[in-house]
Amino acid sequence: QEVGGKNYEASMTHVDSFIKELLSSDAMKDFSRARVYLDKNYKSQEQFTALGCCYFIHESLKNIQQFDFKAKKFRKVFGKEVCSDALLSAATLEKEKFPQDYFPESKWSRKGFIRTRWALADCAFDLVNIHLFHDASNLVAWEKSPSVYSGTRQKALGFVLDRITDQRFERLPYFIFGDFNFRLDSKQVIESLCSMASVQTVRSADTNEVDKLIFRESDNDRKVKPFTASFSGLRSQFDRELSVFKERLHEMDISFPPSYPYSEDSSQGKQYMNTRCPAWCDRILMSASAKDLLPENEEKSITYDNIGPNVCMGDHKPVYLYFRLSTGAGKPHANKHKCCVVQ
C-alpha cells in the first residue's frame, strides 16, 4: 500500500534500492522466482494508485504458472522480474483506479486495485491488492450510521467484486487483501462509550465551523472521556462494514488488535494515535471457493495475525494469512504447499 509512502514525490527514489536489497537478501535466498509490481508513476493522476505487489516463490515449488490476461492463458514462471514503468501494458496483471465519481468530492486520490492470477499444480486462484477510501473527517463520520464514507467504500468494493467475477475470464477462487479502511461505526461507538457524557462543541474562530467535539463524563469530576477506550468487546458490535458482503466474502476469525492508527514514533510501537478511533482497516478476505482451498480441521496450520506487534510499522500494522494450500483441493492424498498472503 502506498508505494513511496505518504510523501511519495520525495520518497519514491528509495523504492528501487529497497526492492533490490530485498530480492538479494539472505532471508529470501530460498525464493528462486519473484514478481514485483510497483505503481510509481505519480505524475499520471488518472492512473496512479501507489499500489505495490511482491510475490516470492519458493524453490520447492516446481510447477507454478502466472496468467497472461492478454493471451488468456497461463505461462510458467521463471526468474525474478520487477515491473514499474509500464504497468498498464503489463499482460500479467489488471490494474484499475476507481472511477472519478467514486472519489469523495470527485477529487483524485490513490485508490484502486491490482489483480494477478496464479496456478499452483492443478489449483488456480486470483490475488487482488486493494486500497479503499479513508474517513476524511471524524466529524462527518460521526454524523450518521452508517457513515457516508462507509457507503463510498461499499460502492468501491462492490465495483472490484463485480470486475473480478465478470464474463471476460474464467471465474476462479480469489483472495482480496489490503487497506479496506473499514472503520467501526463511529456514531454507534461514541453513543455507546459516551452515553452518560455531556457534549461540548468547539468552533473555529475564523469560520465558525465545528472544529471538535469534547465529551465529558457527567461524574468523575467531569473529566474528558478518552476516545481510545478498551475495544476488545466492540468489534463484534460495531465492525459492520463487511456484513454487507457476507454472501460474497469470507474471513478467518480475527484475534489481533485494531491495525490502525498506530503512532509513527519509532519508539512507540504499541501505542495508538489519538487522531482516530482504532479500527481493523487491514484485512485479508476471500471468496467461498477460496476458503474451500484452506485445510479443513487444521486450525493450527492457519494463522491470521498482524506483523510487528511490538515495533513501529507505520500507522498501519500489516496483517498476514498463513496456511497450507491443498493443490488438489478435495482430492485424496493431495500435495500441500505453504502459502502466505501478506497485506
Side-chain angles (χ1 to χ4, degrees), residues 1-28 31 34 36-40 42 49-56 109-111 113-114 127-135 153 175-184 227-228 230-232 234-235 239 241 251-285 302-323 339-343:
Q1 306 291 317
E2 294 189 327
V3 170
K6 296 174 183 176
N7 302 316
Y8 50 84
E9 291 189 35
S11 303
M12 197 67 79
T13 55
H14 302 294
V15 172
D16 288 340
S17 59
F18 170 77
I19 293 297
K20 183 177 180 180
E21 185 170 340
L22 179 62
L23 289 170
S24 62
S25 67
D26 288 342
M28 306 305 293
F31 294 81
V36 177
Y37 303 104
L38 305 169
D39 190 356
K40 301 193 302 178
Y42 56 84
T49 65
L51 288 171
C53 305
C54 302
Y55 300 105
F56 302 97
S109 63
R110 307 177 300 277
K111 302 296 186 291
F113 73 93
I114 287 179
L127 296 177
V128 184
N129 186 357
I130 191 173
H131 193 183
L132 298 182
F133 305 99
H134 65 285
D135 282 11
R153 288 189 286 271
F175 296 87
I176 303 182
F177 49 91
D179 180 6
F180 291 84
N181 264 312
F182 289 159
R183 308 298 171 97
L184 301 185
F227 199 44
T228 52
S230 172
F231 285 86
S232 58
L234 294 181
R235 196 183 74 82
D239 181 31
E241 293 198 35
E251 184 176 26
M252 305 308 294
D253 292 337
I254 290 179
S255 59
F256 52 87
S259 66
Y260 171 87
Y262 281 91
S263 170
E264 294 181 291
D265 183 335
S266 61
S267 65
Q268 300 290 329
K270 301 173 70 173
Q271 182 67 42
Y272 288 104
M273 290 189 285
N274 292 322
T275 52
R276 303 279 183 182
C277 176
W280 286 263
C281 294
D282 306 275
R283 315 281 274 262
I284 297 172
L285 311 177
I302 302 175
T303 305
Y304 187 30
D305 206 349
N306 64 11
I307 295 174
N310 300 316
V311 297
C312 179
M313 302 288 287
D315 57 347
H316 289 257
K317 292 285 189 193
V319 300
Y320 72 97
L321 177 65
Y322 170 88
F323 58 92
C339 281
C340 187
V341 179
V342 178
Q343 188 297 98

- Query: Are D39 and R110 close enough, and set up right, to give a salt bridge (Lys or Arg N to Asp or Glu O under 4.0 Å), and what steps lead you there?
  - Reply: CA-CA 10 Å; D39 190 356; R110 307 177 300 277; over 6 Å; no
- Item | Those residues that, when tested against Y37, pass side chain to side chain contact (heavy atoms under 4.5 Å, CB included) (two or more places apart) | R35, C53, Y55, Q66, C83, L87, T92, L93, T116
- Message: Just so I know, are the side chains of C277 and R183 near enough to count as touching, which here means a heavy-atom distance under 4.5 Å?
- Response: no
- Non-neighbouring partners of C312 that pass side chain to side chain contact (heavy atoms under 4.5 Å, CB included), sequence neighbours left out: none
- Query: Hey, are the side chains of K270 and N310 touching, using non-hydrogen atoms and a 4.5 Å cut-off?
  - Reply: yes
- Task: Taking all heavy atoms of G269 and all of K317, pick out the closest pair and write down the distance.
- Result: O-NZ, 2.8 Å
- Looking at A279 and L184, what are the two nearest heavy atoms and their distance? CB-N, 4.0 Å
- Under the 3.5 angstrom rule, does the side chain of R276 hit a backbone N or O of M273 as a donor-acceptor pair? no
Would you tabulate the side-chain donor-acceptor contacts of residues 254-262 under 3.5 Å, counting partners in other chains and residues two or more places apart, or write 'none'?
from, atom 1, to, atom 2, distance (Å)
S259, OG, C281, N, 3.2
S259, OG, D282, N, 3.1
S259, OG, D282, OD2, 2.6
Y262, OH, P258, O, 3.2
Y262, OH, Y272, OH, 3.1

- Message: Given 3.5 Å as the limit, does a donor-acceptor pair link the side chain of Q1 with the main chain of I130, or not?
- Response: yes
- CG of L38 to CZ of F18, rounded to nearest 0.5 Å, is 10.0 Å
- Query: Where is the tightest heavy-atom contact between M12 and G4, given as atom of each residue plus distance?
  - Reply: SD-CA, 4.0 Å
- Task: Decide side-chain contact (heavy atoms from CB on, under 4.5 Å) for L285 and F177; before the verdict, give the C-alpha distance in whole Å, the side-chain angles of both, and the deciding distance to 0.1 Å.
- Result: CA-CA 6 Å; L285 311 177; F177 49 91; over 6 Å; no
- For side-chain contact (heavy atoms from CB on, under 4.5 Å), just list the numbers for C54 and L23, CA-CA rounded to whole Å, side-chain angles, deciding distance to a tenth of an Å, and then say yes or no. CA-CA 10 Å; C54 302; L23 289 170; over 6 Å; no
- Taking the side chain as every heavy atom from C-beta outward, state whether T49 and H131 have any atom pair closer than 4.5 Å. no
- Message: With rounding to the nearest 0.5 angstrom, report the CD to CG distance, E21 to D16.
- Response: 13.0 Å
- Query: Crowded around D265 CG? As in, over 12 foreign heavy atoms under 6.0 Å?
  - Reply: yes
- Item | Shortest non-hydrogen contact between M28 and L22, atoms and distance | CG-O, 3.4 Å
- Note on the structure: With sequence neighbours left out, the residues meeting side chain to side chain contact (heavy atoms under 4.5 Å, CB included) with K6 are E2, E264, D315
- Task: Taking salt bridge (Lys or Arg N to Asp or Glu O under 4.0 Å) as the test, write out the residues that go with R153, two or more places apart.
- Result: D135, E241
- Message: Can you tell me how far apart CG (L132) and CZ (F182) are? Round to the nearest 0.5 Å.
- Response: 6.5 Å
- Decide side-chain contact (heavy atoms from CB on, under 4.5 Å) for T303 and Y320; before the verdict, give the C-alpha distance in whole Å, the side-chain angles of both, and the deciding distance to 0.1 Å. CA-CA 8 Å; T303 305; Y320 72 97; 3.4 Å; yes
- Could you list the residues that satisfy side chain to side chain contact (heavy atoms under 4.5 Å, CB included) with D253, not counting sequence neighbours? none
- Task: Measure the acute angle between the ring planes of F56 and F31, then classify it against the limits of 30° and 60° as parallel, tilted or perpendicular.
- Result: perpendicular
- Distance in Å, M252 CE paired with L321 CG, rounded so as to fall on 0.5 Å steps: 7.0 Å
